[in-house]
2 protein chains.
Amino acid sequence: MADTETSQIEQICIDKGMRMTGQRRVVARVLSESEDHPDVEEIYRRAAMLDPQISIATVYRTLRLFDTANVIDRLEFGDGRARYEVTDDNAHHYHLLDVKSGEVLEFENKEVDRRLKEIAAELGYRLIGDRLDLYGTALEPGEKE
Amino acid sequence: MADTETSQIEQICIDKGMRMTGQRRVVARVLSESEDHPDVEEIYRRAAMLDPQISIATVYRTLRLFDTANVIDRLEFGDGRARYEVTDDNAHHYHLLDVKSGEVLEFENKEVDRRLKEIAAELGYRLIGDRLDLYGTALEPGEKE
DNA sequence: TTAATTGCAAAGTTTTTGCGACCAC
DNA sequence: GTGGTCGCAAAAACTTTGCAATTAA
């Protein structure tokens with residue numbers, strides 16, 4: 001079972017030379033197995049299923065650690081709570097929020113990537129990060145596209 | 001002097017049928033005259049110069065009111081506190097943060113506007129809002145652009 | 001062995017809210 | 001006049017931190 005496997009994030013942390021405690025392994029596993037964008041409470045809830053003794057303070061500390069090490073990305077969609085996802089070094093992506101359902105879609109666009117880098121350069125900056133979130137409502141079938 | 005004039009935002013609020021109290025006028029004036037992106041504490045500080053009796057609770061309530069009415073935009077640059085700017089219906093713009101100085105530059109780009117709308121449509125959504133923030137470091141003279 | 005990490009509870013930040021007094025319309 | 005708004009202080013929501021006990025390397 002997956003219970004004894006090394007999760008994707010755990011391996012990254014090991015490679016980065018982090019001290020891997022049981023709690024960090026649990027949080028790493030939770031994040032590796034999440035396909036959504038959970039907030040801290042939700043990550044804590046999922047982690048507590050694997051280790052009922054884990055403290056939310058440790059979850060906060062671990063998320064900050066992983067975020068600082070660029071292992072995960074902290075997202076903010078304007079609802080006050082931070083959400084997290086695993087950093088994907090190969091494919092930088094953006095988000096589209098369905099404002100009615102709260103669902104979050106991810107999308108990539110190389111053309112946008114390139115254009116943003118150019119824009120930063122035109123303004124005299126080296127682009128080191130970006131955040132692009134679209135907010136939309138689902139088009140009904142037949143509705144104008 | 002400007003003290004008795006109707007500020008840009010105040011007029012918008014009047015047009016929207018809002019009840020205009022002295023405090024709302026003060027916050028409206030502060031925002032109208034701000035060319036930066038102040039956070040709540042800073043807005044409160046500036047408002048208190050015009051009305052020393054104003055409460056920060058009222059500043060929070062007024063900002064939420066203005067934001068909900070789309071008179072101002074709430075910005076989040078990842079530092080935990082919300083910042084605000086006057087909504088510009090004519091020219092939608094994006095932000096570039098100088099991560100070293102904390103300075104915020106604004107830029108427009110019709111091509112990006114159009115592309116984002118197309119992307120949303122391709123995903124099956126009507127775009128109703130977006131947020132695009134670039135993070136960069138200033139290029140030194142002669143540095144690769 | 002020992003410096004780093006944990007759980008707990010206390011405290012720090014930012015924002016919201018209940019309530020009686022007050023004010024705009 | 002009266003429903004909306006204000007100031008105040010309390011509380012809510014989210015996040016960080018001090019400390020003694022525990023643990024990874």
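All values below come from the heavy atoms of this structure, side chains included, with hydrogens, waters and symmetry mates left out. So that the names make sense, note that chain A is the first sequence line, chain B the second, and so on, each numbered from 1.
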Does the pair [X]/[Y] count as a salt bridge with the N-to-O cut at 4.0 Å?
X: B:Arg29; Y: B:Glu10; value: no
X: A:Asp113; Y: A:Arg115; value: no
X: A:Asp98; Y: A:Lys100; value: no
X: B:Arg45; Y: B:Glu42; value: yes
X: A:Asp36; Y: A:Arg46; value: yes

Measuring to OP1 and OP2 of D:dG7, would you say a side-chain N or O of B:Gln23 lies under 4.0 angstrom away?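 True: B:Gln23 side-chain N/O within range (under 4.0 Å) of D:dG7 OP1/OP2.
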
With side chains defined as the heavy atoms from C-beta onward, is the minimum distance between A:Phe77 and A:Leu75 less than 4.5 Å?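 Of all side-chain heavy-atom pairs linking A:Leu75 with A:Phe77, at least one is under 4.5 Å.
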
Would you say B:Val86 and B:Val71 make side-chain contact, with heavy atoms under 4.5 Å?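 B:Val86 does not reach B:Val71 side chain to side chain.
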
Can you tell me how far P of C:dT14 sits from CD of B:Glu42, to the nearest Å?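 Checked: the CD to P distance equals 13 Å.
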
Gap between atoms CZ and P, on A:Arg24 and C:dA4 respectively (whole Å):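 It is 11 Å, rounded to the nearest whole Å.
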
List in chain and number order the residues that pass side chain to side chain donor-acceptor pair (under 3.5 Å) with B:Gln11, two or more places apart in sequence or in another chain; answer none if no residue qualifies.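 In terms of side chain to side chain donor-acceptor pair (under 3.5 Å), with neighbours along the sequence ignored, B:Gln11 is linked to B:Asp15.
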
Please tabulate the protein-to-nucleotide N/O contacts below 3.5 Å involving nucleotides 9-19 of chain D, giving atom names and distances.
| residue | atom | partner | partner atom | Å |
| --- | --- | --- | --- | --- |
| D:dT15 | OP2 | A:Tyr60 | OH | 2.6 |
| D:dG18 | O6 | A:Arg61 | NH1 | 3.4 |

Using a 4.0 Å heavy-atom cut-off, write out nucleotides 20-25 of chain D from 5' to 3' as B (base contacted by protein), S (sugar-phosphate only) or - (no contact). ----BS

